[in-house]
Amino acid sequence: MTSTVLILLGPPGAGKGTQAIRLATALSSPHVSTGDLFRENLGKGTTLGLKAKEYMESGRLVPDELVIDMLFARVQAPDCKAGFLLDGFPRTVAQAQALDKRLEGQSVRALNLSVADAALIERLTGRWTCKACGNVHHEKFSAPKVAGRCDKCGGELYQRTDDTRAVVEKRLAVYREQTKPVEQHYRARGLLVDIDGQRTPDEVFGRMLASARGEGL
Ligand code: AP5
């Protein structure tokens, strides 16, 4: 897996972040999440973060030019030289085309998680994220041992402002319209593996790890 770029695709709430954290450890590959990069920028009050805020809070995609520049700057860092794991990018066909150019000659694999809409809404409206380490819990499916505290690091858990039912429904509509076509971009190139995201987190992880290591294409 040394110089492979792994792309995690799937709708909001499919489990990309949950699995990305585990895969990054198992594969010793950096986890690059565009959503996390925007939230970090917002936390620091940067111009980029403030520009992204209005799009994120209303469930719309941040304009391609802002995302692509930020992502390419991140993957230029030395830790990404031997490959990396993308979570939340590409999300439009234009982003996928820009990434193709950037990665010319590198090995790419896209893992596509599918989950029904009703389950996605339940997952996102019950999600609690750790402020300190980004680990995600769910109030029903993976409740923290101590209420309000992350099992992994003890950090404070919070609910994202875009995880209200109304914003989740908007995010799902945007996904269907703008991100779903990205699947076909990779399927047509023989680079996509479909994965049932409605199994348990451990089962999903086993399948993703096997696919990341070369099975299933
Ligand atoms: P981003 O942060 O990327 O959010 P997202 O793609 O909408 O994905 P989520 O983080 O909501 O879901 P996930 O699939 O990671 O699910 P998770 O593992 O947490 O983007 C946010 C915003 O930033 C966008 O709306 C946009 O505005 C902007 N943005 C980011 N990237 C962009 C780009 N490239 N272009 C333009 N704009 C961009 O799991 C969800 C819950 O389910 C958790 O509670 C978890 O515990 C639970 N769960 C996970 N797996 C399972 C399972 N197998 N069974 C039961 N429960 C499970």
Legend entry - Candidate pair Arg187 and Asp194, rule salt bridge (Lys or Arg N to Asp or Glu O under 4.0 Å), full reasoning: CA-CA 9 Å; Arg187 200 184 300 286; Asp194 285 303; 2.7 Å; yes
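- Contact of the Pro12 side chain with the Leu124 side chain is registered, since non-hydrogen atoms from C-beta on lie closer than 4.5 Å.
- Although no hydrogens or angles enter the test, the distance criterion places no donor-acceptor pair under 3.5 Å between the side chain of His137 and the main chain of Lys145.
- Checking side-chain atoms of Arg123 against main-chain N and O of Ala14 turns up a donor-acceptor pair under 3.5 Å.
- The two residues Pro90 and Ala96 come nearest to each other via the heavy atoms CB-N, 3.4 Å.
- Taking hydrophobic clusters as Ile, Leu, Val, Met, Phe, Trp and Tyr residues chained together by side-chain heavy-atom distances below 4.5 Å, Val32 shares a cluster with Val67.
- Tracing side-chain contacts under 4.5 Å through hydrophobic residues (I, L, V, M, F, W, Y), one never reaches Val136 starting from Ile21; they form parts of separate clusters.
- In terms of modelled atom types and a separation under 3.5 Å, the side chain of Arg109 and the main chain of Ser211 share a donor-acceptor contact.
- Shortest non-hydrogen contact noted between Val174 and Gly59 is CG2-O, 3.6 Å.
- Ion pairing between a basic and an acidic side chain is recognised when a charged N comes within 4.0 Å of a carboxylate O; Glu183 and Lys180 show such pairing.
- Counting heavy atoms from C-beta outward, Cys150 and Cys133 have side chains that approach closer than 4.5 Å.
- Side-chain contact check for Cys130 versus Lys152: every heavy-atom pair is 4.5 Å or farther apart.
- Side-chain polar atoms of His31 and Asp36 form no donor-acceptor pair below 3.5 angstrom.
- Note: Arg74 CZ to Phe89 CZ = 13.5 Å, rounded to the nearest 0.5 Å.
- In this structure a side-chain-to-backbone donor-acceptor pair under 3.5 Å is missing from Arg127 to Glu139.
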Inset, instruction - Begin with the C-alpha distance, continue with both residues' side-chain angles, and end with the deciding distance and a verdict on side-chain contact (heavy atoms from CB on, under 4.5 Å) for Val108 and Tyr186. - result: CA-CA 9 Å; Val108 171; Tyr186 291 105; 4.3 Å; yes
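- Crowding of Lys131 atom NZ: a count of heavy atoms from other residues, nucleotides or ligands under 6.0 Å not exceeding 12.
- The backbone N or O of Asp162 sits less than 3.5 Å from a side-chain atom of Arg171, completing a donor-acceptor pair.
- Although no hydrogens or angles enter the test, the distance criterion places no donor-acceptor pair under 3.5 Å between the side chain of Gln178 and the main chain of Tyr175.
- Rounding to the nearest 0.5 Å places CZ of Arg176 at 5.0 Å from CG of Asp117.
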Legend entry - Residues Phe141, Thr200; criterion side-chain contact (heavy atoms from CB on, under 4.5 Å); working and verdict: CA-CA 9 Å; Phe141 306 126; Thr200 66; over 6 Å; no
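- The two atoms that bring Ala110 and Leu9 nearest to each other are CB-CD1, 4.2 Å, heavy atoms only.
- In the displayed structure, Glu104 atom CD is contacted under 6.0 Å by at most 12 heavy atoms of other residues, nucleotides or ligands.
- Side-chain contact between Glu54 and Arg60: present, with at least one pair of heavy atoms (C-beta onward) separated by less than 4.5 Å.
- For the atom pair CG (Leu172) and OG1 (Thr179), the distance works out to 10.5 Å, reported to the nearest 0.5 Å.
- Shown are Arg91, Gln95, Gln97; of these, the side chain to side chain donor-acceptor pair (under 3.5 Å) with Asp64 is made only by Gln95.
- Under the 4.5 Å side-chain heavy-atom criterion for grouping Ile, Leu, Val, Met, Phe, Trp and Tyr, Val167 is not connected to Leu61 through any hydrophobic cluster.
- A donor-acceptor distance shorter than 3.5 angstrom exists from the side chain of Lys16 to the backbone of Gly10, with no hydrogens or angles considered.
- Between the side chain of Asp163 and the main chain of Gln159, no donor-acceptor pair closer than 3.5 Å is present.
- With contacts defined as side-chain heavy-atom distances shorter than 4.5 Å, the pair Leu157/Arg149 does not qualify.
- A salt bridge between Glu203 and Arg207 is absent, with no side-chain N of the basic residue lying under 4.0 Å from a carboxylate O of the acidic one.
- Closest of all the heavy-atom pairs between Thr164 and Thr125 is C-CG2, 4.3 Å.
- Across every non-hydrogen atom of Leu111 and Ile195, the tightest pair is CB-CD1, 4.2 Å.
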Legend entry - Working for side-chain contact (heavy atoms from CB on, under 4.5 Å), residues Leu113 and Val204: CA-CA 9 Å; Leu113 286 170; Val204 176; 3.6 Å; yes
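- Rounded to the nearest 0.5 angstrom, Thr34 OG1 and Leu66 CG are separated by 12.0 Å.
- Residue Asn41 holds its CG atom at 9.0 Å from CG of Leu50, rounded to the nearest 0.5 Å.
- Residues Arg160 and Arg39 meet the side-chain proximity criterion, which asks for heavy atoms closer than 4.5 Å.
- Residues Ile7 and Phe38 share a hydrophobic cluster, clusters being chains of Ile/Leu/Val/Met/Phe/Trp/Tyr side chains in contact below 4.5 Å.
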Inset, instruction - Go through the steps for Glu169 and Arg165 under the test salt bridge (Lys or Arg N to Asp or Glu O under 4.0 Å), then give the verdict. - result: CA-CA 6 Å; Glu169 282 174 355; Arg165 192 179 172 110; 3.1 Å; yes
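- Transitive grouping of hydrophobic side chains (ILVMFWY, heavy atoms separated by less than 4.5 Å) keeps Val115 and Leu8 in distinct clusters.
- Taking both residues in full, the closest heavy atoms of Gly134 and Thr129 are given as O-CG2, 3.9 Å, listed atom of the first, atom of the second, then distance.
- With contacts defined as side-chain heavy-atom distances shorter than 4.5 Å, the pair Leu85/Pro30 does not qualify.
- Other residues, nucleotides and ligands contribute more than 12 heavy atoms inside 6.0 Å of the CZ atom of Arg102.
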Legend entry - side-chain contact (heavy atoms from CB on, under 4.5 Å) assessment of Val168 paired with Leu120: CA-CA 9 Å; Val168 167; Leu120 294 171; 5.8 Å; no
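- If you run side chain to side chain contact (heavy atoms under 4.5 Å, CB included) between Thr161 and each of Glu57, Lys53, Met56, only Glu57 comes through.
- Counting only heavy atoms from C-beta outward, the side chains of Leu27 and Leu6 approach each other to under 4.5 Å.
- Taking OG1 of Thr18 as the start and CG of Asn135 as the end, the distance is 8.0 Å to the nearest 0.5 Å.
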